[in-house]
2 protein chains.
Amino acid sequence: MKSSMKPQYEARAKIIKAMAHPSRLFIIEELNKNERCVGELTEMVGADTSTVSKHLSVLKNAGLVTDEKRANSIYYALRCPCIMNFIGCVEDVLTAKAEDHKKIMKSCRK
Amino acid sequence: MKSSMKPQYEARAKIIKAMAHPSRLFIIEELNKNERCVGELTEMVGADTSTVSKHLSVLKNAGLVTDEKRANSIYYALRCPCIMNFIGCVEDVLTAKAEDHKKIMKSCRK
DNA sequence: GTCATATTTGGCCATATAGCCAAATTGCCA
DNA sequence: TGGCAATTTGGCTATATGGCCAAATATGAC
């Protein structure tokens with residue numbers, strides 16, 4: 001690929017990589033419904049606070065979420081809800097994969 | 001998160017993870033324009049054939065691409081072009097991030 | 001100031017990934 | 001059948017990641 005394009009692909013990959021973790025996907029979905037503070041998310045995810053904090057820092061670093069200090073907590077919010085549209089497509093891929101699998105199974109029984 | 005949901009998040013994360021690499025993003029874009037064989041992609045990406053082959057196997061494993069043997073080459077194609085819509089959103093995130101950065105810079109100069 | 005609560009950071013280990021080279025495999029065609 | 005071309009696989013190293021625990025760092029209340 002053109003070397004001038006490389007930084008752009010790297011920037012995109014960094015953002016996508018930030019989404020590429022089960023707990024972080026869960027967090028993204030929750031934040032799409034409601035802003036949340038670290039404590040709430042920690043309880044919902046069911047992992048160590050430090051682990052969740054690090055996940056949030058990954059998301060923030062990628063620019064996917066924003067954080068705001070309020071009262072004695074830090075509230076995180078999803079920055080670009082369009083991210084959620086993508087999940088639908090991911091589900092499509094999963095469905096397509098499942099269909100293929102079914103086809104293969106069927107041809108094996110012949 | 002509900003433990004019953006965990007496999008679903010893991011499945012989604014696996015697909016997103018497969019996209020989370022600069023070369024693979026490049027390959028996805030190319031395959032969106034045209035199906036391509038390994039040799040062509042190798043030249044376009046500019047890496048070792050074995051490296052590109054492994055990238056393709058990651059994409060295939062995730063269900064993002066299909067492969068078809070033809071003549072003496074294997075042609076890969078993008079399975080769900082909707083994936084491409086997502087890139088637009090990723091760009092939005094990058095823009096939002098850049099805007100923030102500008103704001104911060106501005107407030108520093110005050 | 002001191003305490004308690006909320007969050008982040010550092011340290012550590014186990015695991016996964018990307019990349020190259022070399023070797024194995026697969027399929028076409030003379 | 002033998003060889004060539006395309007692709008995949010194995011082996012290796014360096015690097016990054018996720019997770020927990022423990023420690024550090026805010027921030028608000030008294």
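Heavy atoms only: backbone and side chains are in, while hydrogens, waters and symmetry mates are out. Below, chain A is the first sequence line, B the second, and so on; all start at residue 1.
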**Integer-rounded Å distance: D/dT7 P and B/Glu68 CD** = 13 Å
**Prompt:** Rounding to a whole Å, what distance do you find between B/His55:NE2 and C/dA18:P?
**Reply:** 6 Å
**Request:** Just call it for B/Thr49: base, sugar-phosphate, or nothing, with non-hydrogen atoms closer than 4.0 Å on any strand.
**Result:** base
**Mutual orientation of the aromatic rings belonging to A/Phe86 and B/Phe86 [parallel < 30°, tilted 30-60°, perpendicular > 60°]** = parallel
**Complete:** Of B/Val52, B/Ile28, B/Val45, B/Leu41, the one forming a side-chain contact (heavy atoms from CB on, under 4.5 Å) with B/Ser23 is B/Val45
**Message:** Checking the side chain of A/Arg79 only, and the main-chain atoms of A/Gly63 only, is there a donor and an acceptor separated by less than 3.5 Å?
**Reply:** yes
**Fill in**
In this structure, CE of B/Met44 is separated from CZ of B/Arg36 (nearest 0.5 Å) by 3.5 Å
**Asked** Can you name the disulfide (SG to SG under 2.5 Å) partners of B/Cys89, sequence neighbours left out?
**Response** A/Cys82
**Item:** Presence of donor-acceptor pair under 3.5 Å, side chain of A/Lys17 and base of D/dG18
**Value:** no
**Asked** Given C/dT8, is OP1 or OP2 found less than 4.0 Å from the side-chain N or O atoms of A/Ser53?
**Response** yes
**Request:** Nearest whole angstrom, please: distance from the C1' of C/dA16 to the CG of B/Asn61.
**Result:** 15 Å
**Request:** Indicate whether OP1 or OP2 belonging to D/dG19 is found under 4.0 Å from a side-chain N or O atom of A/His21.
**Result:** yes
**Request:** Let me know the distance between CD of B/Glu10 and P of D/dG18, rounded to the nearest Å.
**Result:** 13 Å
**Message:** For C/dA18 and B/Arg24 - does any side-chain N or O of the residue sit under 4.0 Å from the phosphate oxygens OP1/OP2?
**Reply:** yes
**Asked** Once you round it to whole Å, what is the distance between C1' of D/dT27 and CG of A/Asp67?
**Response** 15 Å
**Prompt:** With respect to the phosphate group of C/dT8, does any side-chain polar atom (N or O) of A/Tyr76 fall under 4.0 Å of OP1 or OP2?
**Reply:** yes
**Asked** B/Thr51 side chain N/O closer than 4.0 Å to the phosphate oxygens (OP1, OP2) of C/dC20?
**Response** yes
Could you list the protein-to-nucleotides 22-30 of chain C atom pairs, N/O on both sides, closer than 3.5 Å?
none

**Prompt:** Counting side-chain heavy atoms from CB outward, which of C/dG10, D/dT7, C/dT7 is closest to A/Lys54?
**Reply:** C/dG10
**Prompt:** In terms of ring plane angle, is the pair B/His21 and B/His55 parallel, tilted or perpendicular, where the classes change at 30° and 60°?
**Reply:** tilted
**Request:** Specify the separation, in whole Å, of atom CD1 of A/Ile27 and atom P of D/dG19.
**Result:** 10 Å
**Asked** Under the 3.5 angstrom rule, does the side chain of B/Thr95 hit a backbone N or O of B/Glu91 as a donor-acceptor pair?
**Response** yes
**Request:** Using atom CD of B/Glu43 as one end and atom C1' of D/dA5 as the other, report the distance to the nearest whole Å.
**Result:** 15 Å
**Prompt:** Which whole-number value in Å describes the distance from B/Arg36 CZ to D/dA6 P?
**Reply:** 16 Å
